[in-house]
*Asks:* 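Dropping a structure here in structure tokens format, bear with me for questions.
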Amino acid sequence: MRYHPHTPEDVRAMLDAVGAKSLDDLFRSIPEKLRLKRPVDVPPALDEISLFAEFQRLAGRNDVSHPPFAGAGCYPHHVPPAVDQLLLRGEFFTAYTPYQPEVSQGTLQALFEWQTFVCLLTGLDVSNASMYDGATATAEAALMATRLTGRKQIVVSAALHPEYRKVLATYLRSTHDEIAVVPFGADGRTDLRALEKAVGPSTACVIVGWPNFLGVVEPLPEIAKIAKQAGALTITATAEAVSLGLLQAPGALGADVAVGSFQSFGNPMTFGGPAPGFFATREANVRQMPGRVCGATLDKHGKRGFVLTLSTREQHIRREKATSNICTNSGLTALAATIHLSLLGRAGLSHLARLNHARARMLREAMERAGCKAIFSGPYFNEQAFDVGDAEEVVTRLAKRGVLAGAPLGRWYPDHPRAKGALLCVATELHSEELIQLFARTVRG
Amino acid sequence: MRYHPHTPEDVRAMLDAVGAKSLDDLFRSIPEKLRLKRPVDVPPALDEISLFAEFQRLAGRNDVSHPPFAGAGCYPHHVPPAVDQLLLRGEFFTAYTPYQPEVSQGTLQALFEWQTFVCLLTGLDVSNASMYDGATATAEAALMATRLTGRKQIVVSAALHPEYRKVLATYLRSTHDEIAVVPFGADGRTDLRALEKAVGPSTACVIVGWPNFLGVVEPLPEIAKIAKQAGALTITATAEAVSLGLLQAPGALGADVAVGSFQSFGNPMTFGGPAPGFFATREANVRQMPGRVCGATLDKHGKRGFVLTLSTREQHIRREKATSNICTNSGLTALAATIHLSLLGRAGLSHLARLNHARARMLREAMERAGCKAIFSGPYFNEQAFDVGDAEEVVTRLAKRGVLAGAPLGRWYPDHPRAKGALLCVATELHSEELIQLFARTVRG
Amino acid sequence: MSNLTGWKPTMEKEAKGPGLDGGAGAGGATRGLVHEEALLFERGSTGRCGVSLPPLPPGHDAGDLPAELRRDGVDGLPEISELEVIRHFTRISIWNHGIDTGFYPLGSCTMKYNPKSSEALARLPGFANLHPLAPPEACQGALELMWHLERALSEIAGLDTTALSPAAGAHGELCGLMVIRAHHLAKGNPRRKVLLPDTAHGTNPASAALNGYEVQQLASGPDGRLHPETVRAAMDEDVAAIMLTNPNTLGIFESHIQEIADLVHAKGGLVYADGANMNALLGVARPGDMGVDVIQYNLHKTFATPHGGGGPGSGPVAVRAHLAQYLPLPLVVKEGDAFRLVTSEKERPATVGKLREFWGNFAMFVRAWALIREYGPEGVAQTGRLAVLNANYVRALLKGVYNLPYETDSLHEVVFDDKLQKANGISTMDVAKRLVDHGFHPPTIYFPLVVAGALMIEPTETESKETLERFVAAMKAIAEEAKTDPDALHAAPTRTFRARLDETRAARKPVLRWKPGMKVE
Amino acid sequence: MSNLTGWKPTMEKEAKGPGLDGGAGAGGATRGLVHEEALLFERGSTGRCGVSLPPLPPGHDAGDLPAELRRDGVDGLPEISELEVIRHFTRISIWNHGIDTGFYPLGSCTMKYNPKSSEALARLPGFANLHPLAPPEACQGALELMWHLERALSEIAGLDTTALSPAAGAHGELCGLMVIRAHHLAKGNPRRKVLLPDTAHGTNPASAALNGYEVQQLASGPDGRLHPETVRAAMDEDVAAIMLTNPNTLGIFESHIQEIADLVHAKGGLVYADGANMNALLGVARPGDMGVDVIQYNLHKTFATPHGGGGPGSGPVAVRAHLAQYLPLPLVVKEGDAFRLVTSEKERPATVGKLREFWGNFAMFVRAWALIREYGPEGVAQTGRLAVLNANYVRALLKGVYNLPYETDSLHEVVFDDKLQKANGISTMDVAKRLVDHGFHPPTIYFPLVVAGALMIEPTETESKETLERFVAAMKAIAEEAKTDPDALHAAPTRTFRARLDETRAARKPVLRWKPGMKVE
Ligand SMILES: Cc1ncc(COP(=O)(O)O)c(C=O)c1O
Ligand SMILES: Cc1ncc(COP(=O)(O)O)c(C=O)c1O
């Protein structure tokens, strides 16, 4: 066994040193009747060559022949090979959470850089070292809002990512039960009137997508104003972080908390996970922030270094009084995003964002030419819903041609008047003009 | 341009410091009429996404659906992913030849380990830091033999790899012209009688394959005896180095020089190159050995370290009197072999060698059942020639099914009585029993 | 066999030794050239770019986006070439200790070797480029893999159904407690309390609280175990569940677990097991056979998926049949030869809902399944056995040199403390930092809380006897140094590129991100 | 912008400074923890294995192989687990300086950034798993790539046909001279001599000798150039060819090349150019337009294929139409839409034969073609221009601090010497070793031979202005140190894991491989 360095002689010598007769002897503290008397029922061992053959078989049963036109919270983007070749450095991927700073400065400086990227892109003061994903980050943000405001009601836009809403509801079910949902209008933007009605003295926060699940860019300044007047926090959730290269920073438009996923930076889709959730807020809220935080300090000789800090918020110190139960977060995927953002830089990110926007506009023109009208009139970034007649039929038909056509909105909005035809489609730097034109022609069969 | 860090301001400032008006100005030492007045005619620049699409297209036009049954000097073997993940460490693959030992101890210790592996596998005393490939290593070995013996005639077995023979002839053409070729018998082994006749007082060396190109294991002790009696050196050339895990070390059977390729260890086939050539010989010959050599020494504080040594043999010191003109050799591929051999170790290598041998025997049984007799009666390792009727027809037919059936011997031995039908086939750990049986059935169409 | 590295193996040396100024540490540590590296944001000239992207369509502007919702670019972002980025991350990576650079006996974290083949397999395009909304017929391979993994994890836990989606151990705890809560709710009362021993990991109480439960802490006995009478005294109809870790964080098997489970069940409570320490039981014993109703795995511990400097992890939750209805979605099912994800609450009305977006950390499922396939039944069991052998070997060699607060049998890890060193004013912190100078990552320190100055050592099964002996040599050298030269120990680490870092300062004046002109003082 | 790494940029510091004991070197160098690591053969217990292979068929023996030709196993091979192998190579890799860790201005070696995308592309299964004997219809993609590369290299050289197969620069020289010899032989007389300037790289005379040619060395002029009258005096019907490097190894353009070429051609000789320095001319000027008949490329220099610690390289040879018939096989041709390798001497009766097995270092062709595709015409030319700009920037900043033996214009590299430092007993070797302490790889030293104590600096175009300035700061600091504290300089390097190594000892008592009980003393 290549992962077990023990030779029979080693085992013997070690058992002697321990004073045990056999390996089973080491388990005498486990009552006989609690021991397993048979081998566990898993398939027989494979050598590495058969292992690769088997996994090639499994991977071969997934159709990835073309970049998908579905985004809906997981986005197809180009990951420069430089990212992965750095991630494969064992010093990064075989390290644990940096509990011992003197032997973890690499991870820690990278985390400090991640936190800085998150702050710069969101326009907020402080960030943590990452969350599980965008959905749990949203739930944690709502919980922080309730702690900060002492209020219990959560107001969410119906255009917030449905998966985020579901996770939020699941997280809150046992402790807070008032979640009010505000509808969106024909433009795909949160209905401001309804929002005004929904918020009140017990509202802890208002949560909207930036951009929202329908691909539409919300009237954030107005939303934040409404929330502020009610003394509630404004929380934005961003699933497509590339948009932050073109859209204004939520912090600059009144958001108090910005959460979401940086999957779009440096992380492949891998069937939806893992990807780094991010969490940023204002300085004043830092001690209520969930999760790990990296901070700068000095060493004995006065040289700058980094450590995990403010841990009095955390479970390993505060236990049941912690701001969250999170421990392990999304380190390596956050590093991937950090590396990709370093490669992009200011010019690269704004070019990438504009290119995504341009491709989406190209898609809209092609789809409308093909007779598929866009459903929402609001401004969009790289994602938008089209009326394709029968969305599920289109997805099934195009799947046969190796293309994932999009996300049928009817799955999440069955009662929406145009649910049946609505197909949510994304266009990114991976969708060449040829592919877009071909797609638009094919959609109508 | 992501590989050009110069901003326009940088260029301007640097030109000022240099005292040049423009970039072209820097080339004033090139007479105007010698400058190129137009852009070079290469295709327009591609962004990384298009670059990957284009190379995917090219790679897609190569059929690699199954492991080939052709060896003939380039062998399909499993490369553990651990090898490549270590090779990708920039400290290894972006370093130059270790001229400055204090910042090259990683490369140097690995070379010292490579040299040790080569010595252990060949049973000889000293090895160099690698050669371009097995063929050039063979040519250099012959040249060394002429320097050592002061003789000019080279005797080679007709069963030595034809490519090696061709390169040998090309290398020697301008300086030595006597190459005598000794035929092989019905057993595929070098004809000892003919060899005895061929060698004489002017013979510098006798060169045979170990195993030879026909996959057959030569009577090396007898061959070495004949050479020795004539005062000539015995040189073995090994293209399939995995065989050295099962076959006796050539040095132990009388070879004075052992050369060949370690492609089989840690290096993919990549259309035939690159792969590390190796060169080993007896202590006494070390100062006539070509190429770089790594040696152990001590640093100022008495700690062991490694350096390139015995460079007085080399071109950068001896210039036209050097033992060879080689400078850059096959460093990274030698490192791949070193890593793979470390993973294999004693037990792994002999298991791998026996497994290859077992698969070859499995292939023989399957082929003979399918009515394809083995052509040579001599002992074999993992490669052997079968009479398939019309070898070229078989190769063409099976290519349509994504299988490279083997190497038709007629290409190199047109005059051999059984040239038409002879197909040289290899079986390795990559050829599963199922694949072997399927292959044997398919060969006869 | 003669050693000519010019490096004196420090077993003897250190024993003699006033510290490390001579040869290398027992783990090979010495000093060499590394590079300082400023923050990305502290360098360079603008206008550079490290990527190569397709051009914008001629004349493209973003005019259709309202001006006030747009920005031209993100100020403060670095602008550097690809080479500069590669150098930056290559250089800072060297400042890390990882499993690939040396022994990493971080207790409770199971820092075993992360197979390179798993990295290659997780990157197969058929996995890496798969969108989570791919229709079932386009992702059968991924679903088949998840189904096999679900079956294997249920079998290894001795339970019936496993939800793969939780993102880490703590997330699994949260999930498990939600399931327990749903179970009680269905019976009409969610109940109020969760019991847990004083050896519990911090995430346990935190997860309970996040679920709206009060936490009642139970004292473990002098043998480090939780005793039935303690549970009996605390157990009543207000208790929703007890959370146990088995073996517990002292590395001790809770041998009364079945009796405890019976007590809890008798009062209608459920038994939750924190599975972070499953490495000790692999193939040897099964929580389900001990009365456990719910358990979470840490695939990033037990099944060798990389820790990645803090994740991502994966924390699947296995439960008994009667609780399966409450598990969060998705669940993977096999129908005939086809595999499918159950994602709709219509199909699973009792589900607690959804714990994260999409289906879980799929790339970790690939790695974990690869490991299980390579091990097979015998390899799985041998993993548990050798993990326990390694811990006990270290225990045997260090006993007497460091104080062993509990004599009780250890399984996969052993906890020492600094009692014997305190006499010379040497603390666990000093020992930990000095281990760094020897070339080892320190054990987990000051946890579990029941042991003052705990040194919690978990070697894992992938480490060789020689490595354990070198580690022991370092620990002995340090114990010796504590007597002969305590000041040298306070100064540790001396070989790292940064000396001991001031954590108080970091917390007092938090500097949590770069800003132009940022100051640390 | 304020620098808060706690690392004093040493531009000033070093200027003040008696060495490095304070802050980091100008290249960021400081000291940190690295590990000693014994030789693979010096470790461990047998019976371990780092691979996982299929089992042998039951009862398999190798009985059909004669016993005397067989062995049971190779004694002395290490037996270690996969983890131990990973640690070994990870640890020793840290002892290296590479382009990915820092500036590498090794003159004549063109140490430019090696694109990571090229590494990914070369590993595509369609390339990596392709057997060289695949029938044409099964390898059209590989052949198409080779054909495009052949066309591009011929165009960039201003010549007609290129043979891709030579394995490195020296191999290309050998190939080119064989072609030249074949040309003369066809005219009835191979001729006797090859002329080359005293600035020539060692491989030039060695390659000539290997071809049976006598070497006649020509003195370059006081301006570092070869002068027509020198050539005229030496040129006769016995001379097969002149070998030039342009720009030469002083980084100086041989501006008389055309006149020299005319002289040589007039006497029936041919002009060979060593293309190792093509980076200076990319897209700016073409050897073929200067009278050059034959040139070899070093793809591992000019086209950024990795040096790999000493190869593999790739040295394609481009020639004029009338010489193409002599090129070694294979040659790649396009017929209609199909590509084919010409491998048979029947088709090319005049060929010199074959220089290596199969078709060349294909994996390097993939990388080189990827770079050319990413550059395009403008990028290719800009590469040459910026390479020359960088060298001239360093020259401008260091002039006066170090002696510049030749005032003549520099192109892609500049050569200084240690004349100014000799006064204080400081040699080029000392300067080189001290640069290591600053975090830079030293330039090429003591070459070219025409300059005593040469320091040959080639920055390449992938380095930024800031990096060049830091290097200059280090060079200045060292020049200062030479005056204030020469002894400290003799002691360099002090930060590396090994101090200055004894090369004389290595050569006097060669220890070239591990043996049980091996001793180094
Ligand atoms: C005993 C125990 N329980 C729970 C956890 C939490 O697991 P995770 O960090 O994956 O959330 C850990 C790991 O730190 C642990 O050691
Ligand atoms: C000027 C010059 N010519 C020839 C060579 C030889 O090239 P290679 O090392 O690839 O054989 C080199 C490289 O060292 C060189 O610098």
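Computed from heavy atoms alone, side chains included, the values below leave out hydrogens, waters and symmetry copies. The chains referred to below are lettered A, B, ... by the order of the sequence lines, with proteins before strands, and numbering in each begins at 1.
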*Asks:* How are the rings of D/Phe497 and D/Trp95 set relative to one another: parallel (under 30°), tilted (30 to 60°) or perpendicular (over 60°)?
*Replies:*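 Rings of D/Phe497 and D/Trp95: parallel, as their planes differ by under 30°.
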*Asks:* With the side chain counted from C-beta on, respond yes when B/Pro101 and D/Glu503 share a heavy-atom pair under 4.5 Å apart, and no when they do not.
*Replies:* yes
*Asks:* In terms of side-chain heavy atoms, does D/Arg181 have a donor or acceptor partner in B/Ser174 at a distance below 3.5 Å?
*Replies:*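 Not at all, the side chains of D/Arg181 and B/Ser174 share no donor-acceptor pair under 3.5 Å.
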*Asks:* Could you look at B/Met1 and say if it's the side chain, the backbone, both or neither that has a heavy atom under 4.5 Å from chain D?
*Replies:* side chain
*Asks:* Which answer fits D/Pro493, side chain, backbone, both or neither, if we ask what part of it has an atom under 4.5 Å from a heavy atom of chain B?
*Replies:* side chain
*Asks:* Could you tell me which portion of D/His60 (side chain, backbone, both or neither) has an atom closer than 4.5 angstrom to a non-hydrogen atom of chain B?
*Replies:* side chain
*Asks:* Heavy-atom distance under 4.5 Å between the side chains of B/Thr309 and B/Thr297, does that happen here?
*Replies:* no
*Asks:* Answer with side chain, backbone, both or neither: which region of D/Leu106 has an atom nearer than 4.5 Å to a non-hydrogen atom of chain B?
*Replies:*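 Answer is side chain: those atoms of D/Leu106 sit under 4.5 Å from chain B.
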*Asks:* When you measure from the side chain of D/Arg373 to the backbone N and O of B/Pro43, does any donor-acceptor pair fall under 3.5 Å?
*Replies:* no
*Asks:* Nearest 0.5 Å, please: how far is CZ in D/Arg71 from CG in B/Leu247?
*Replies:*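 Separation between the atoms: 8.0 Å.
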*Asks:* Tell me, for B/Gln248 versus chain D, whether the close heavy atoms (under 4.5 Å) come from the side chain, the backbone, both or neither.
*Replies:* both
*Asks:* Check whether B/Val11 gets within reach of chain D through its side chain, its backbone, both or neither, counting any heavy atom under 4.5 Å.
*Replies:* both
*Asks:* Counting only non-hydrogen atoms closer than 4.5 Å, does D/Thr383 touch chain B with its backbone (N, CA, C, O), its side chain (CB onward), both, or neither?
*Replies:* both
*Asks:* What part of B/Ser324 lies closer than 4.5 angstrom to a heavy atom of chain D: side chain, backbone, both or neither?
*Replies:*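 Answer is backbone: N, CA, C or O of B/Ser324 sit under 4.5 Å from chain D.
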*Asks:* Report which part of D/Lys433 has an atom under 4.5 Å of a heavy atom belonging to chain B: side chain, backbone, both, or neither.
*Replies:*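 Interface part for D/Lys433: side chain.
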*Asks:* B/Arg57 versus chain D, heavy atoms under 4.5 Å apart: side chain, backbone, both or neither?
*Replies:* side chain
*Asks:* Who among B/Gly295, B/Ser330, B/Ser350 has the most heavy-atom pairs with chain D under 4.5 Å?
*Replies:* B/Ser330
*Asks:* Among D/Arg356, D/His88, D/Glu463, which has the most heavy-atom pairs under 4.5 Å with chain B?
*Replies:*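 Top option by heavy-atom pairs under 4.5 Å: D/Arg356.
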*Asks:* Please state whether the side chain, the backbone, both or neither of B/His6 comes within less than 4.5 Å of a heavy atom of chain D.
*Replies:* side chain
*Asks:* Once you round to the nearest 0.5 Å, how far does OH of B/Tyr132 lie from CG of D/Leu174?
*Replies:* 8.0 Å
*Asks:* Answer with yes or no whether the side chains of D/Glu173 and D/Ser207 bring together a donor and an acceptor at under 3.5 Å.
*Replies:*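 There is such a pair between these side chains.
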*Asks:* Please look at B/Leu26 and chain D and tell me whether the side chain, the backbone, both or neither of the residue comes under 4.5 angstrom of a heavy atom of that chain.
*Replies:* both
*Asks:* Does a side-chain heavy-atom distance below 4.5 Å link B/Arg354 with B/Leu246?
*Replies:* yes
*Asks:* When rounded to the nearest 0.5 angstrom, what is the spacing between CZ in D/Arg48 and CZ in B/Arg346?
*Replies:* 16.0 Å
*Asks:* Nearest 0.5 Å please: distance from the CG atom of B/Leu86 over to the CG atom of B/Leu335.
*Replies:*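 Answer rounded to 0.5 Å: 8.0 Å.
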*Asks:* Side chain from CB out, backbone as N, CA, C, O: work out which of these in B/Ser342 comes under 4.5 Å of a heavy atom of chain D, or both, or neither.
*Replies:*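 Looking at B/Ser342, backbone and side chain both touch chain D.
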*Asks:* Report which part of B/Leu253 has an atom under 4.5 Å of a heavy atom belonging to chain D: side chain, backbone, both, or neither.
*Replies:*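 It is the side chain, since no backbone atom gets that close.
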*Asks:* Which residue out of B/Thr312, B/Val42, B/Val18 racks up the most heavy-atom pairs below 4.5 Å with chain D?
*Replies:*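 Looking at each option in turn, the highest pair count goes to B/Val42.
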*Asks:* Under 4.5 Å from any heavy atom of chain B, what part of D/Leu56 do you find: side chain, backbone, both or neither?
*Replies:*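 D/Leu56 touches chain B through backbone and side-chain heavy atoms alike.
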*Asks:* Heavy-atom distance under 4.5 Å between the side chains of B/Cys119 and B/Ser127, does that happen here?
*Replies:* yes
*Asks:* Can you tell me which of D/Met111, D/Glu68, D/Glu378 forms the most heavy-atom pairs within a distance under 4.5 Å of chain B?
*Replies:* D/Met111
*Asks:* Less than 4.5 Å to any heavy atom of chain D: does that hold for the side chain of B/Pro221, its backbone, both, or neither?
*Replies:*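 Contact with chain D involves the side chain of B/Pro221 alone.
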*Asks:* Measure the shortest side-chain to side-chain distance between B/Thr170 and D/Pro328 over non-hydrogen atoms and say whether it is less than 4.5 angstrom.
*Replies:*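 A side-chain contact under 4.5 Å is absent here.
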*Asks:* Taking 4.0 angstrom as the limit, do D/Arg286 and D/Glu155 come out as a salt bridge?
*Replies:*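 Yes, charged N to carboxylate O under 4.0 Å.
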*Asks:* Can you tell me which portion of D/Leu411 sits under 4.5 Å from chain B's heavy atoms? Options are side chain, backbone, both or neither.
*Replies:*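 Side chain of D/Leu411 only, per the 4.5 Å heavy-atom cut-off to chain B.
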*Asks:* Who pairs with B/His316 by ring pair (Phe, Tyr, Trp, His ring centres under 6.0 Å), at least two apart in sequence or on another chain?
*Replies:* none
*Asks:* Side chain, backbone, both or neither: which part of D/Ile252 has a non-hydrogen atom closer than 4.5 Å to chain B?
*Replies:*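 For D/Ile252, there is no contact with chain B at all, as no heavy atom is under 4.5 Å.
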*Asks:* Tell me, side chain or backbone of D/Pro510 under 4.5 Å from chain B's heavy atoms, or both, or neither?
*Replies:*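 The side chain, not the backbone.
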*Asks:* Would you say D/Arg513's side chain and B/Phe112's backbone share a donor-acceptor pair under 3.5 angstrom?
*Replies:*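 Not at all, since once roles are kept as given, no pair shorter than 3.5 Å links the two residues.
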*Asks:* Relative to chain D, which of B/Gly245, B/Ala169, B/Pro39, B/Ala249 shows the most heavy atom pairs under 4.5 Å?
*Replies:* B/Ala249
*Asks:* Is B/Gln56 close to chain D through its backbone or its side chain, or both, or neither, when contacts mean heavy atoms under 4.5 Å?
*Replies:* both
*Asks:* What residue, out of B/Gly305, B/Ala70, B/Pro68, has the most heavy-atom pairs lying under 4.5 Å from chain D?
*Replies:*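 Among B/Gly305, B/Ala70, B/Pro68, the one with the most close pairs to chain D is B/Ala70.
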*Asks:* If I measure from the heavy atoms of chain B, does D/Tyr393 come under 4.5 Å with its side chain, its backbone, both, or neither?
*Replies:*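 For D/Tyr393, the contact with chain B is made by backbone and side chain together.
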*Asks:* Just so I understand: if I count every heavy-atom pair under 4.5 Å between each of B/Ile30, B/Leu244, B/Thr136 and chain D, which residue has the most?
*Replies:* B/Ile30
*Asks:* Please look at D/Met290 and chain B and tell me whether the side chain, the backbone, both or neither of the residue comes under 4.5 angstrom of a heavy atom of that chain.
*Replies:*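 For D/Met290, heavy atoms of backbone and side chain both lie under 4.5 Å from chain B.
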*Asks:* Considering only heavy atoms, which portion of D/Ala208 lies under 4.5 Å from any heavy atom of chain B: side chain, backbone, both, or neither?
*Replies:*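 Neither; nothing under 4.5 Å.
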*Asks:* Can you say whether D/Ala507 sits under 4.5 Å from chain B via the side chain, the backbone, both, or neither, judging by heavy atoms?
*Replies:*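 Both parts, backbone and side chain.
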*Asks:* List in chain and number order the residues that pass side-chain contact (heavy atoms from CB on, under 4.5 Å) with B/Ala82, two or more places apart in sequence or in another chain; answer none if no residue qualifies.
*Replies:*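 Counting only residues at least two positions away or on another chain, B/Ala82 forms a side-chain contact (heavy atoms from CB on, under 4.5 Å) with B/Leu343, C/Lys116, D/Glu82, D/Ile86.
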*Asks:* Could you look at B/Leu404 and say if it's the side chain, the backbone, both or neither that has a heavy atom under 4.5 Å from chain D?
*Replies:* side chain
*Asks:* Looking at D/Gly98, D/Pro312, D/Gly353, D/Gly376, which one has more heavy-atom pairs under 4.5 Å with chain B than the rest?
*Replies:* D/Pro312
*Asks:* Answer with side chain, backbone, both or neither: which region of D/Val380 has an atom nearer than 4.5 Å to a non-hydrogen atom of chain B?
*Replies:* side chain
*Asks:* For the candidates D/Gly360, D/Gly158, D/Ala138, which exhibits the highest count of non-hydrogen atom pairs separated by less than 4.5 Å from chain B?
*Replies:* D/Ala138
*Asks:* Quick check on the interface: out of D/Asp289, D/Val436, D/Leu133, D/Thr408, who has the most heavy-atom pairs with chain B under 4.5 Å?
*Replies:* D/Leu133
*Asks:* What is the ring orientation for D/Tyr104 with D/His441, classed by angle as parallel under 30°, tilted 30 to 60°, or perpendicular over 60°?
*Replies:*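 D/Tyr104 and D/His441: parallel rings.
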*Asks:* Could you look at B/Arg361 and say if it's the side chain, the backbone, both or neither that has a heavy atom under 4.5 Å from chain D?
*Replies:* side chain
*Asks:* For B/Cys294, which atoms come within 4.5 Å of any heavy atom of chain D: side chain, backbone, both, or neither?
*Replies:*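 Only the backbone of B/Cys294 comes within 4.5 Å of chain D.
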*Asks:* Aromatic rings B/Tyr99 and B/Tyr96: how do their planes relate, parallel, tilted or perpendicular, breaks at 30° and 60°?
*Replies:*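 Plane angle between 30° and 60°, so tilted.
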*Asks:* Just so I understand: if I count every heavy-atom pair under 4.5 Å between each of D/Phe447, D/Phe89, D/Trp359 and chain B, which residue has the most?
*Replies:* D/Phe89
*Asks:* B/Lys33, B/Arg35, B/Gln109, B/Lys166: which one forms the most heavy-atom pairs within less than 4.5 Å of chain D?
*Replies:*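 Looking at each of B/Lys33, B/Arg35, B/Gln109, B/Lys166 in turn, B/Gln109 comes out on top.
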